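See below for the structure under consideration.
Within every chain, numbering begins at 1; the chains are lettered A, B, ... in the order of the sequence lines, protein sequences first and strands thereafter. These figures come from a predicted structure and were not determined experimentally.
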2 protein chains.
Amino acid sequence: MTTTTGMRIGEIAERSGVTPRTIRYYEELGLLPRAERAQGKHRTYTEVDIERLRELTRLRDLLGLSLDELRSMIVAEEVRADVRQRFHETDSREERLDLLDRAQPHIETQLGLVRRRLAELQELEGELLERRKLLQRRRRELNGP
Amino acid sequence: MTTTTGMRIGEIAERSGVTPRTIRYYEELGLLPRAERAQGKHRTYTEVDIERLRELTRLRDLLGLSLDELRSMIVAEEVRADVRQRFHETDSREERLDLLDRAQPHIETQLGLVRRRLAELQELEGELLERRKLLQRRRRELNGP
DNA sequence: TGATAATCTGACGTTGACGTAAAGATGAGC
DNA sequence: GCTCATCTTTACGTCAACGTCAGATTATCA
């Protein structure tokens, strides 16, 4: 084992930039899988969970998605640990292909959203640059003769 | 006069994709200048106000800014109608330069935010592309011999 | 082993960004 | 001038996304 000591909620909260309350809330909403409770009642996490949390907050903030929209994108399903496990545990080529097939559309959906946002932001950037140019031109007109 | 008939709140609301309530709320918060009340009690708007509203909602949605943050960026001040008017009405070169000088930083601030967002989104896009590649590779591995 | 810190599960509180309903005022068209 | 749609202010309602507090439980460590 490396760092797989199993972190508790406070640690992964801090390391992923949210509060414990947020983590419990996301779990309740189904955005995070129900955390394992190692030998006690306390939730236990790994590095993978930190990655997942960061990804959630990124999609939330960068794409402006509500938690409901996040869930209905089945972001939850996609990376979900047990899916990966099933993938590794099964010997069936068919089941593996099926799992891959189901992951693909989610990525495409996200890519679509990201690119629309990118386009909109680039348009905004363009207009801001225009304005800046205009300002500078006016300034030159006032300063020059 | 061209289209300067003076629109009422319902019209500019629809044309800018918000509700009348939102417009009054933004006015109350100082995000929009207090609308003129032509000869009566009803608020009166022009095309400029539509542009302004669209810009506000864009900054709000694309940059994820709260209304408070929007206001404190003095987005309100910058495009504000009376500023433009002062610019055109004054004969003083100094005052004009001053107005230009004060407009510039706001644009720079916004450009900064837009570009940070762009960078973050591009990073996200990159990671999604990575994942897609990985999926496709695995699929080939399963299909090919 | 006992004290101290962190976590647990409810459950109620808060905040931002509007929605909505009431009751009266305004205005465009006939 | 009358009517009906639109607008006015005022005020309470709502919803998402957590914050916060209480009281009990669990882990860590001197």
So does A/Arg58 pair up with A/Glu51, basic N to acidic O under 4.0 Å?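 Judged by the 4.0 Å cut-off on N to carboxylate O distance, A/Arg58 and A/Glu51 do not form a salt bridge.
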Strictly below 4.0 Å, N to O, side chains only: are B/Arg52 and B/Asp49 in salt-bridge contact?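 No, this pair does not count.
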Out of [options], whichever nucleotide has its closest atom nearest the side chain of [X]:
X: B/Arg43; options: D/dT9, C/dA17, D/dT26; result: D/dT9
X: B/His42; options: C/dC8, D/dA17, D/dC7; result: D/dC7
X: A/Ile9; options: C/dT7, D/dA17, D/dG19; result: C/dT7

Residue mapping more 5' on DNA chain C - nearest nucleotide basis, A/Glu11 or B/Arg8: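 In this pair, the answer is A/Glu11.
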Euclidean distance, atom [atom1] of residue [X] to atom [atom2] of [N] [Å, nearest integer]:
X: B/Glu28; N: C/dC18; atom1: CD; atom2: P; answer: 12 Å
X: A/Asp61; N: D/dA17; atom1: CG; atom2: P; answer: 12 Å
X: A/Tyr25; N: C/dT9; atom1: OH; atom2: P; answer: 16 Å
X: A/Ile12; N: C/dA6; atom1: CD1; atom2: C1'; answer: 15 Å
X: B/Ile23; N: C/dT20; atom1: CD1; atom2: P; answer: 16 Å
X: B/Gln39; N: C/dA25; atom1: CD; atom2: C1'; answer: 14 Å
X: A/Lys41; N: D/dG23; atom1: NZ; atom2: C1'; answer: 13 Å
X: A/Arg60; N: D/dA16; atom1: CZ; atom2: P; answer: 16 Å

When all nucleic acid strands are considered with a 4.0 Å heavy-atom cut-off, which category describes B/Arg24: base, sugar-phosphate, or nothing?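 Base contact.
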Side-chain N or O of [X] closer than 4.0 Å to phosphate OP1/OP2 of [N]:
X: B/Thr22; N: C/dG19; answer: yes
X: B/Arg37; N: D/dT9; answer: yes
X: A/Tyr26; N: D/dC18; answer: yes
X: B/Thr19; N: C/dG19; answer: yes

Using salt bridge (charged side-chain N to carboxylate O under 4.0 Å, His left out), reason through B/Arg131 and A/Glu55 one step at a time and then give a plain yes or no. CA-CA 13 Å; B/Arg131 276 213 233 153; A/Glu55 197 192 319; 2.8 Å; yes
Sole residue of B/Arg117, B/Arg116, B/Arg115 in salt bridge (charged side-chain N to carboxylate O under 4.0 Å, His left out) with A/Glu125: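 Per the salt bridge (charged side-chain N to carboxylate O under 4.0 Å, His left out) rule, the option paired with A/Glu125 is B/Arg115, out of B/Arg117, B/Arg116, B/Arg115.
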Single-linkage hydrophobic cluster, 4.5 Å side-chain cutoff, B/Leu99 and A/Leu134 together: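 No, B/Leu99 does not connect to A/Leu134 through the hydrophobic network.
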